[in-house]
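Just below is one structure, and these are the notes that go with it.
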Amino acid sequence: MLFLEHFGVTDAGRVRKNNEDSLLVGDGKDETLFAVADGIGGFEAGEVASSITIDVLREMEPGDSFEEAVREANRRILEAARNDERLSGMGTTVVAARFSGTQREPIAEVAHVGDSRAYLLRDGELTPITEDHSLVAELVRSGDLTRAQASNHPQRNLITRALGADEEVEVDSTTLPVRADDRVVLCSDGLSDMVPEDRIREILATSPEDPETPARRLLTAALEAGGTDNITVVVVDIRQHSPQEERSGTQEMEAVPAPEVRERSRTSPRGKAPSRREQRRDAQRSAVKRRGKGPKSGFTRTAGTLTRAFAIVLVVLLALAPAYLWGSSRYFLDLDGGEVVAYRGLPYAPLGVELNEEWRRTNIKESDIREPYRDNVTEHKLYTRGETEKILRDLRS
Ligand code: MN
């Protein structure tokens, strides 16, 4: 199963007092959505424009139109500017990326207006996904400037498109296939103006472990280069669960016992017995070992039943796949060693592959669970992240 790891950082820089950049790092209604907006306009108006835009994106549901959301943000910025003359003339750029598609063909959709950028790092190569809507970028496209000349051009911050400039806003959007180990980066010009692309590439390519390290290193590089503008960097890594986990699901189809699609049951207190997850892993391991050694006839006899069971599970999985492809949108609670643990994903392990991962351990003991929360834990109801956080807060208080 593919999943996303992400980290975003923003900083006012070394010269400006205010930070007019805003960002969205997977904390909207669509948790696969990431965005950077770079506000324009004095007296904190830029901040207002960029945060209006991020607020609109935060409310986007999976599947909502990017263009429509950007147009809505544009309308709200214009309206806010009309109602408050201190805000008149404010505007913002935006670059946004979200991840969807199918397990076989995952995609990233990227939309932008202005000169905030998206890049793709794949196999150590850095490719721009967006083309700036700026004067110098247009001069580069027409052949009047080279990319290198553009990066030092005195008018390089002059953008030709922004939200808040006009009743109509033209949004550029593109869809690109992505795969495991791709890294998508969104940034404001506070990074791309200060740090050459070669250096951006080098930093991204030499810190593969997690998204936080390269995001912080890029910020540091921009600050060290002068930090004359607000700097925002969002790094999104596309990951795949370990090959071992994947294999145990796909190759052991005939050998693994019936798929476990029933609910998790309560576990014994810590230390007395392995958790269900551990038991399940052990069962998978022994199933793998048994395979090939055991008498073939045993498998053949039950093959019909198992095939049907797997077929049903596969149909269910395929139906759920688009919603849960990125494994990041649903949460549930369970007990592990007598402790309440929040998991991300689905409470099933069809074909022996866990569709979830541990998200947060709580130190809340089974005996401390009050009504009405007992049901939330034992019935594995699915929640959004916000709901899960609220339940955990309630349980603690
Ligand atoms: Mn900027």
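We're numbering straight along the sequence, starting at 1. Counting convention: from 1, in listed order, for ligands and their atoms alike. Worth saying up front: this structure is predicted, and the values here are computed from it rather than measured.
- Protein N/O/S atoms closer to the Mn ion (ligand 1) than 2.8 Å number 3 in this structure.
- Between R156 and D115 there is no salt bridge, since none of the side-chain N atoms of the basic residue sits less than 4.0 Å from a carboxylate O of the acidic one.
- Taking the six-membered ring where the residue is Trp, F34 and F99 present perpendicular rings, their angle passing 60° and hence far from 30°.
- Identified under the ring pair (Phe, Tyr, Trp, His ring centres under 6.0 Å) test for residues 133-153, with sequence neighbours left out: H112-H133.
- A salt bridge does not link E44 to K17: none of the charged side-chain nitrogens sits closer than 4.0 Å to a carboxylate oxygen.
- The pair D172-R161 counts as a salt bridge, with a side-chain nitrogen and a carboxylate oxygen less than 4.0 angstrom apart.
- Note on R82 versus E167: salt bridge recorded, some NZ/NE/NH1/NH2 to OD/OE distance being below 4.0 Å.
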